[in-house]
Protein chains: 2
Amino acid sequence: MRIAELSRRSGVPVPTIKYYLREGLLPAGELTSPNQARYAEVHLHRLRLVRAMVELGGLSISAVRDVLGALDDPEKSLHKAMGTISAAVAPPDLGVADEVAQQQVEAFLDRQGWVCRPKSYGYKALVGVLATAREVGHERFADLLDGLARAAWPLAEADLDYVLSAGSTDEALEGVIVGTVLGDAAMAAVRVLARRELSGRRDAALSDLGSNAPDPDPPKP
Amino acid sequence: MRIAELSRRSGVPVPTIKYYLREGLLPAGELTSPNQARYAEVHLHRLRLVRAMVELGGLSISAVRDVLGALDDPEKSLHKAMGTISAAVAPPDLGVADEVAQQQVEAFLDRQGWVCRPKSYGYKALVGVLATAREVGHERFADLLDGLARAAWPLAEADLDYVLSAGSTDEALEGVIVGTVLGDAAMAAVRVLARRELSGRRDAALSDLGSNAPDPDPPKP
DNA sequence: CGATAGTAGAAAGTTCTGCTATCCATTCTA
DNA sequence: TAGAATGGATAGCAGAACTTTCTACTATCG
């Protein structure tokens, strides 16, 4: 297929495709002559993946390049790819050095029995979040972490099962990308829905806000 | 306190504070003379909140303005504020009209017994995610939704408890902001940690990637 | 009192990102 | 063989988030 068809089928304008080619987000098409190239389904697929990361994940072009680099790495390692992807998706390191936040994270990891190098992106990101929470006067925020962990564990299991059920290494790596980028977006959306649903069920309490009335025995789903 | 102290205590440069004042993210200080203003603790607090949303939440200046608008709304409604904040935090509406994705969301909501107007941000965001997943060839992605919901429900309860335990309406609204913005960031970080932990425990399976070996009886936490 | 530093407010400038537009020399297509 | 499309290169553009520069003060220290 030629670039016009690639554009039509993906909904991405031709100049943008050229831009992605320049930026190395898309492999070059097969040149049939000095100024003609042919693109295959793989290009269309890659293009859609790029758009998903940019539009839904909000990743920058360079972050997308990093992620795809992990995918195209000849010595593909799922571990390494996961690290790269986490780094690309996470907000840039705030570089905070908050003692208390760090202790809160350590204590949390202890409680969970999780082993974790303090250099990992997840660790640093979490310290950054807790430090920020403390700055805005929400020290108690750390109390929510165990709940998050209880929720995150089965998700991680599902994610990993999803990834490991892939037929090929390429598919598995793409599963990591999709699981991370779309997974985060989906989780955020589901949380919004859950909050809406719950706050609807607790309407009485809400309309009575500030009175600190006792919980009206909320029904579980 | 004067602007220099505000800057020192928040770590935000003076010109940036002036910029935020111009953009309406920060209420003006109390003018003591035509070119002197005094700022109070509330300004410092608000400034930190703004930075948290910008740096951690990745919100744009205009999104922050919207969110703060909900906080400063005279007829503060928790419901309304939650909607505004969800909208500000979510990626801009993709405006997809994918029939299948919509049905998947409907079915999901049915299974959960959740009632939801199809106009809500969470609904639209979820349709967008599933449509994108389908575009990149991951129809099975919808299978993960129920797991997400199971995880999201107790989180929503914890969130709401956290919010309702606030002493004042202002605090409650701020709790919604912090719970949403920091909560999403924290959840993403914890997911990363959980994935790392789990993939470490399943190392055997991972180093054997692609062979589709049976799961080596992973230990639970 | 005067020198120095800080301030509000406005306007213009800067940097970065993510595209678009314009060319040109070719090449495919009708 | 005319007209549209293509690859590749370069330049341009709009928006976002600051940052700089300016003016006309004001506060304060010695």
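Values reported hereafter were calculated over all heavy atoms of this structure, with side chains retained and with hydrogens, waters and symmetry mates removed. Naming: A, B, ... by sequence-line order, numbering from 1 per chain.
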Proximity to the side chain of A:R2 - top-ranked nucleotide from C:dT29, D:dA27, C:dT20: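 From the listed options, C:dT29 comes nearest.
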Nearest-nucleotide comparison on DNA chain D, the residue closer to the 5′ end among B:I61 and B:S33: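 Of the two residues, B:I61 wins.
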Phosphate contact (D:dA17 OP1 or OP2) by B:T16 side-chain N/O below 4.0 Å: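 For B:T16, the contact criterion (side-chain N or O under 4.0 Å from OP1 or OP2 of D:dA17) is not met.
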Phosphate contact (C:dT17 OP1 or OP2) by A:S62 side-chain N/O below 4.0 Å: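 No, outside the criterion.
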Atom pair OH (B:Y20) and CG (B:L26), whose distance is rounded to the nearest 0.5 Å: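 Interatomic distance, B:Y20 OH to B:L26 CG, rounded to 0.5 Å: 9.5 Å.
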Which residue lies more 5' along DNA chain C, comparing A:Y20 with A:T32 via nearest heavy atoms: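 In this pair, the answer is A:Y20.
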Value in whole Å for how far the [atom2] atom of [N] lies from [atom1] of [X]:
| X | N | atom1 | atom2 | answer |
| --- | --- | --- | --- | --- |
| B:L25 | D:dA16 | CG | C1' | 13 Å |
| B:N35 | C:dT7 | CG | P | 10 Å |
| B:E30 | C:dA8 | CD | C1' | 15 Å |
| B:I17 | C:dG6 | CD1 | C1' | 14 Å |
| B:K18 | D:dT19 | NZ | P | 13 Å |
| B:Y19 | C:dA8 | OH | C1' | 18 Å |
| A:L26 | D:dG8 | CG | P | 12 Å |
| B:E23 | C:dA11 | CD | C1' | 14 Å |

Test item: side-chain donor near acceptor, A:S60 and A:R65, under 3.5 Å: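 No, no side-chain donor-acceptor pair sits under 3.5 Å.
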Under 4.0 Å, heavy atoms only, any strand: does [X] hit a base, just the sugar-phosphate, or nothing?
| X | value |
| --- | --- |
| A:L21 | nothing |
| B:P15 | base |
| A:R22 | base |
| A:S60 | sugar-phosphate |

Sidechain N-carboxylate O distance under 4.0 Å for A:E135, B:R48: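 Salt bridge between A:E135 and B:R48, a charged N being under 4.0 Å from a carboxylate O: no.
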Validation row: A:V67, A:V89 side chains within 4.5 angstrom (heavy atoms):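 When only atoms from C-beta onward are counted, A:V89 and A:V67 do not touch, as no gap falls below 4.5 Å.
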Test log, rule side chain to side chain donor-acceptor pair (under 3.5 Å), inputs B:E106 and B:Y123: CA-CA 9 Å; B:E106 294 288 353; B:Y123 182 98; 2.7 Å; yes
